[in-house]
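Okay, structure first, notes after.
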Amino acid sequence: MLAPWASLSLADPLPSVVETKTGAAFPSVIFESRRLLGIGLRKKTILGLKNIDVYAFGVYADVDEVRKVLSEKYGKLSVSELKESKEFKEDFMGGDIGMTVRLQIVYSKLSIRSVRSAFEESVGSRLQNFGEPNSKELLQRFTSQFKDEYKIPRGSVIELSREQGHVLRTTIDGKEVGSIQSKLLCRSILDLYIGEDPFDKEAKEDIESKFASLLQVDH
Ligand code: DAO
Ligand code: DAO
């Protein structure tokens, strides 16, 4: 039984959004100005038959930067016009706009080795599609940040943030593990969630709509 006052703790100043299948909660704002655009689930089929939930994710964008960078060009368009615009999509994915993908690990048996190989597969294929000539080297630089002794049990929080100047900064449970400056690497990571072939299609739709709605300030 909850004490009567316990419900007060639910009146959090920053409410969270909960991914229903996994129970993972995502704060609606992080780093003061990054706002949650949408949440989803990353699954993986192992050994060709078992489908596991690997992590829940939330995608965030810095509202002030979105408006600063994109308002002038797109501020007059409606959400549905924006969602049809390839150029808008390009500017959203590739622009110098602060964004964060927050991952909450669900699968309890995740090893650093399997993270590395999944990353090489998912992000590696994007880097190649985008024509990065040194994709092998870039992947290596990224994955070498993750030491074999790191542990990522269920409940761990990994944040992949695009900071000013296309710097990809990674943290695990709030601790910084490294930063790499690469526009294509940042874009490839976003592509996993909001690109042509995303992990979670519904999440992608939500994220795009919410992003477009951030520009609807005057009408
Ligand atoms: O134990 O062999 C196994 C299955 C592991 C699945 C790994 C999927 C990894 C996805 C990347 C996680 C990134 C945090
Ligand atoms: O889901 O395929 C995927 C890749 C997601 C990005 C994984 C980033 C991995 C950072 C993990 C650090 C673990 C120590």
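Since we're looking at a predicted model, the values are computed, not measured. Every number for a ligand or one of its atoms is a count from 1 in the order of the listing.
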message: As an exercise, identify every atom of ligand 2 less than 4.0 angstrom from a heavy atom of Ile172.
response: 13 (C), 14 (C)

- prompt: Does Phe57 reach ligand 2, in the sense of a heavy atom lying below 4.0 Å from it?
  reply: no

message: Side chain, backbone, both or neither: which applies to Phe119 and ligand 1 if a contact is any heavy-atom pair less than 4.0 Å apart?
response: neither

- request: Sequence neighbours left out, what pairs pass ring-ring contact (aromatic ring centres under 6.0 Å, His included) with at least one residue falling in residues 117-142?
  value: Phe119-Phe142, Phe142-Phe146

Proximal atoms of ligand 2 relative to Tyr193 (non-hydrogen, under 4.0 Å): 5 (C)

- request: Look only at interatomic distance and state if Thr170 has a nitrogen or oxygen under 3.5 Å from any nitrogen or oxygen of ligand 2.
  value: no

message: Assess whether a salt bridge exists between Arg116 and Glu121, defined as any Lys/Arg side-chain N lying under 4.0 Å from an Asp/Glu carboxylate O.
response: no

Atom 7 (C) of ligand 1 [closest protein heavy-atom partner, distance rounded to 0.1 Å]: Leu110 CD1, 3.7 Å

message: I'd like to know if Glu208 pairs up with Lys89 as an ion pair, taking the criterion as any Lys NZ or Arg NE/NH1/NH2 lying under 4.0 Å from an Asp or Glu carboxylate oxygen.
response: yes

- request: May I ask you to decide whether Arg126 forms a salt bridge with Glu132, counting only side-chain N to carboxylate O separations under 4.0 Å?
  value: no

message: Suppose I only count heavy atoms of Ile46 and a 4.0 Å limit; which atoms of ligand 1 are within that range?
response: 4 (C)

message: Check this for me: does any side-chain nitrogen of one of Arg169 and Glu159 sit under 4.0 Å from a carboxylate oxygen of the other?
response: no

- line: heavy-atom search around atom 13 (C) of ligand 1 in the protein gives Tyr55 CE2, 3.8 Å

task: Among all protein heavy atoms, pick out the one at the shortest distance from atom 4 (C) of ligand 2; state its residue, atom name and that distance to 0.1 Å.
output: Ser122 OG, 3.6 Å

- prompt: Is it true that a side-chain atom of Asp173 and a backbone atom of Val157 form a donor plus acceptor pair closer than 3.5 Å?
  reply: yes

For Phe199, the ligand 2 atoms whose distance to one of its heavy atoms is below 4.0 Å: 1 (O), 2 (O), 3 (C)

Nearest neighbour in protein (non-hydrogen) for atom 3 (C) of ligand 1: Tyr107 OH, 4.1 Å

message: Between Lys86 and Glu81, does any NZ, NE, NH1 or NH2 come within less than 4.0 Å of an OD or OE carboxylate oxygen?
response: no

- prompt: Who's the nearest protein heavy-atom neighbour of atom 9 (C) of ligand 2, and how far?
  reply: Val115 CG1, 3.8 Å

- request: Just need the protein heavy atom nearest to atom 10 (C) of ligand 2, so name the residue and atom and give the distance.
  value: Phe146 CZ, 3.5 Å

task: Have a look at ligand 2 and work out which part of Ile189, if any, has a heavy atom under 4.0 Å from it: side chain, backbone, both or neither.
output: neither

task: May I ask you to identify the nearest protein heavy atom to atom 8 (C) of ligand 1, giving residue, atom name and distance to one decimal place in Å?
output: Lys44 CD, 3.4 Å

task: Answer with side chain, backbone, both or neither: which part of Ile152 has a heavy atom less than 4.0 angstrom from an atom of ligand 1?
output: neither

- prompt: Using 4.0 Å as the upper bound for N to carboxylate O, is an ion pair formed by Arg113 and Asp148?
  reply: no

Ligand 2-proximal atoms of Val54, by part, heavy-atom distance under 4.0 Å: neither

- prompt: Would you say atom 1 (O) of ligand 1 has a protein heavy atom nearer than 4.0 Å?
  reply: yes

Contact check, side chains of Val59 and Phe57, non-hydrogen atoms, under 4.5 Å: yes

- request: List the steps and the verdict of side-chain hydrogen bond (donor to acceptor under 3.5 Å, both in side chains) for Gln128 and Ser125.
  value: CA-CA 5 Å; Gln128 268 172 1; Ser125 70; over 6 Å; no

query: Any salt bridge between Lys73 and Asp91, counting N to O under 4.0 Å?
result: yes

- prompt: Of all the non-hydrogen atoms in the protein, which one sits nearest to atom 11 (C) of ligand 1, and at what distance?
  reply: Ala118 CB, 3.7 Å

query: Checking side-chain contact (heavy atoms from CB on, under 4.5 Å) against Phe211, which of Leu82, Ile194, Leu70 comes through?
result: Leu70

